[in-house]
Amino acid sequence: MRHPMASTRPAPHQAPRLPRAARTRFAWATAALLVTVSLTGCGQESAPPHAATATATATAETETETETEFNENGVTVRLSVADWKSDAGTLVATFTPDEAGFHLYSTALPAEGVEGVGRPTEVRPVGSVATAGEMTVDKRVKSITVPGVRAAVPVYPDGPVTVTLPIRATAPGEAKVLIGYASCSSTEGCTIPVADRAVSLRTSEHGLSFGTS
């Protein structure tokens, strides 16, 4: 009876292996390195960290707040500045009554109204911003009669009215736009007039911006 002989061939040498977690981390690191090398070879070099910071700073310096609005006594007033170049541009003011059937009065109405009735729609810059041209209005004036008032009263048709005014900066610094108006309805009566409602502006080397009103 033959006994099996133990094999005298040496067992193959096995290289030491990394633990599973270490192998996984190594694989991810290798993949990331290959991607980086590939992108660099295609010319897609990453920008230095300070470049993004400089871009953000430049953007912040050139951005200006060129719109604002407020609501008072039944009318929403929205102000914006258009085409601001070389210290000059156009101030745009839109007056929108909160309710249908209300109208605003002409910009040409006297400050005290007609026999005490009405108040002019007004947009007037003061401070470091000045008027640079003629005011225009997008609606035609019509005349109405008011009981107890002998003269006709000039008003705009019911609804929103937009006033545009060329302006220019006279110096860097603080300025204001003084807003005035009153709205009335032939059936609902009139709202309390608004006079010299100040909206803050600021001019600088970066342009013009609205401040806290």
Side-chain angles (χ1 to χ4, degrees), residues 64-84 88-169 174-203 207-213:
T64 55
E65 189 64 37
T66 56
E67 291 187 358
T68 189
E69 70 175 43
F70 67 89
N71 181 283
E72 189 171 336
N73 294 358
V75 176
T76 296
V77 180
R78 183 174 185 82
L79 298 168
S80 62
V81 176
D83 302 324
W84 186 260
T90 302
L91 179 63
V92 181
T94 299
F95 300 77
T96 305
D98 293 346
E99 298 183 24
F102 279 77
H103 59 257
L104 292 149
Y105 292 90
S106 168
T107 58
L109 193 73
E112 67 280 1
V114 175
E115 298 180 27
V117 174
R119 290 294 183 272
T121 301
E122 184 179 32
V123 179
R124 181 163 55 93
V126 295
S128 62
V129 172
T131 299
E134 185 177 354
M135 178 184 293
T136 59
V137 184
D138 70 337
K139 300 289 171 53
R140 295 178 65 88
V141 173
K142 66 177 186 177
S143 295
I144 63 172
T145 56
V146 177
V149 179
R150 291 169 295 178
V153 180
V155 302
Y156 298 113
D158 293 352
V161 173
T162 297
V163 175
T164 58
L165 180 66
I167 59 173
R168 61 183 177 83
E174 301 295 329
K176 294 181 185 296
V177 178
L178 300 181
I179 302 296
Y181 58 86
S183 65
C184 277
S185 165
S186 59
T187 58
E188 300 295 329
C190 299
T191 61
I192 299 173
V194 173
D196 293 339
R197 169 56 156 89
V199 177
S200 298
L201 282 172
R202 181 172 181 80
T203 59
L208 179 147
S209 61
F210 288 102
T212 303
S213 301

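The model shown is predicted, which means the values in this text are computed figures rather than measured ones.
A distance of 7.0 Å separates CG of Leu201 from CG of Leu91, quoted to the nearest 0.5 Å. Here the straight-line distance linking atom OG of Ser183 with atom CG of Asn73 works out to 8.0 Å at 0.5 Å rounding. The structure places OG1 of Thr191 at 11.5 Å from CZ of Arg119, a figure rounded to the nearest 0.5 Å. The structure places OG1 of Thr66 at 8.5 Å from CG of Leu208, a figure rounded to the nearest 0.5 Å. With rounding to the nearest 0.5 Å, the separation of CZ in Arg78 from OG1 in Thr96 is 9.5 Å.
For the salt bridge (Lys or Arg N to Asp or Glu O under 4.0 Å) test, no residue two or more places apart in sequence or in another chain qualifies with Arg168. Under the salt bridge (Lys or Arg N to Asp or Glu O under 4.0 Å) criterion, Glu112 pairs with no residue at all, not counting sequence neighbours. Residues meeting the salt bridge (Lys or Arg N to Asp or Glu O under 4.0 Å) test with Asp196, sequence neighbours left out: Arg124. Thr164 meets the side chain to side chain contact (heavy atoms under 4.5 Å, CB included) test with Thr90, Val92, Thr136, Thr162; sequence neighbours excluded.
A donor-acceptor pair under 3.5 Å is absent between the side-chain atoms of Tyr156 and the main chain of Asp138, judged by distance alone. For Lys139 (side chain) and Val155 (main-chain N/O), no donor-acceptor pair under 3.5 Å exists by modelled atom type. With hydrogens and angles disregarded, a donor-acceptor distance shorter than 3.5 Å links the side chain of Ser128 to the backbone of Glu174.
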Could you check Ile179 against Val123 for side chain to side chain contact (heavy atoms under 4.5 Å, CB included), going step by step and ending with a plain yes or no? CA-CA 5 Å; Ile179 302 296; Val123 179; 4.2 Å; yes
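Residues in residues 104-132 take part in these ring-ring contact (aromatic ring centres under 6.0 Å, His included) pairs, two or more places apart or across chains: His103-Tyr105. The ring-ring contact (aromatic ring centres under 6.0 Å, His included) contacts involving residues 177-203 comprise Phe95-Tyr181, where partners must be two or more places apart or lie in separate chains.
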